[in-house]
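Note sheet for the following structure.
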Amino acid sequence: YTLSGTITKVENTTYGNFYLMDDTGEVLIYGLCSPEGEAKYWAESGAKLGDDITVKTVRSSHNGEPQGKNAIFVELVTPGTRAFLNLASDSVSFAAEGGEKSIDLTIYNTTDEVKCTSNNAQFSASYADGKITIVAAANETEEAIDGEISVECGSLAATITVKQAGKVV
């Protein structure tokens, strides 16, 4: 198969194990080889997150998920064309006292503005310089509080789950 898509996650830079996303979904490429078929071609290819890549590979699967094994490098386009985002974490927890915590957010192939909204007035969030900062007010009750922060960037979206412990009596 010839696959063309955007590199959305890199698992191993020695062998070149990465996820490629195209219009049909995401597939693990298990090993990037040179155009001549030599293994461990990741570093030489110059590939990185957000780039568009074309490979030729044999379709296989691992644990029921699609996979391309020992893919032959065909072409690389930098930067890529498919917009996506990566959150360093999709959850955060606070003690009853509240406070502030940050989660790294990396956005690829778009210049759209990042917007953060909370579904609970107990929590607020903002975005600046590649970080989402979440603030929790002190929880004066004995009950735990849950909420969600919605992160939007153009048509991209992600959700961060927020939990806060109740006050110990």
Side-chain angles (χ1 to χ4, degrees), residues 1-92 100-119 123-135 148-162:
Y1 291 96
T2 299
L3 297 174
S4 294
T6 304
I7 300 168
T8 57
K9 192 181 322 176
V10 179
E11 297 288 321
N12 180 299
T13 57
T14 301
Y15 291 95
N17 303 345
F18 62 95
Y19 284 86
L20 178 151
M21 180 180 284
D22 65 10
D23 291 338
T24 64
E26 201 168 46
V27 62
L28 171 63
I29 301 299
Y30 191 72
L32 182 64
C33 299
S34 72
E36 296 78 30
E38 295 182 30
K40 299 181 181 177
Y41 189 69
W42 181 261
E44 291 85 356
S45 75
K48 63 187 179 310
L49 277 172
D51 288 349
D52 285 351
I53 192 167
T54 300
V55 297
K56 289 186 179 190
T57 188
V58 174
R59 187 191 191 290
S60 62
S61 65
H62 179 70
N63 292 333
E65 295 296 319
Q67 174 179 289
K69 193 167 185 181
N70 297 325
I72 302 296
F73 177 88
V74 175
E75 181 182 25
L76 185 72
V77 177
T78 301
T81 56
R82 185 177 306 278
F84 68 99
L85 56 82
N86 280 340
L87 275 173
S89 176
D90 63 359
S91 65
V92 65
E100 180 179 294
K101 295 191 178 181
S102 293
I103 296 176
D104 290 337
L105 171 66
T106 310
I107 304 165
Y108 296 89
N109 305 328
T110 184
T111 56
D112 289 335
E113 179 183 346
V114 175
K115 298 176 186 169
C116 301
T117 55
S118 175
N119 71 347
F123 310 114
S124 63
S126 61
Y127 172 80
D129 301 322
K131 294 191 182 301
I132 295 175
T133 302
I134 302 168
V135 177
E148 290 183 342
I149 304 296
S150 296
V151 179
E152 295 178 356
C153 179
S155 63
L156 306 174
T159 302
I160 301 169
T161 302
V162 183

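Each residue takes its place number in the sequence, starting with 1. Excluded from the calculations below are hydrogen atoms, water molecules and symmetry mates; all remaining heavy atoms, backbone and side chain alike, are included.
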Does [Y] offer a backbone N or O that forms a donor-acceptor pair with the side chain of [X] under 3.5 Å?
X	Y	result
Asp52	Thr81	yes
Asp22	Thr24	yes
Asn17	Gly31	yes
Asn109	Arg82	yes
Thr57	Lys69	yes
Ser118	Phe123	yes
Asp104	Ala88	no

Tell me the closest heavy-atom pair linking [X] and [Y], and the distance in Å.
X	Y	result
Thr6	Phe84	CG2-CE2, 3.6 Å
Ala83	Leu156	O-CD2, 3.5 Å
Tyr108	Gly50	CD2-CA, 3.9 Å
Ala39	Cys33	CA-SG, 4.0 Å

Tell me, yes or no, whether the heavy-atom count around Glu44 atom CD, taken from other residues, nucleotides or ligands under 6.0 Å, exceeds 12.
->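 Atom CD in Glu44 is crowded, with more than 12 foreign heavy atoms closer than 6.0 Å.
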Should we say atom OH of Tyr41 is surrounded by more than 12 heavy atoms from elsewhere, each under 6.0 Å from it?
->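 Atom OH in Tyr41 is packed in, count exceeds 12.
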Does the pair Asn86 and Thr106 meet the rule for a side-chain hydrogen bond (donor to acceptor under 3.5 Å, both in side chains), with working shown?
-> CA-CA 5 Å; Asn86 280 340; Thr106 310; over 6 Å; no
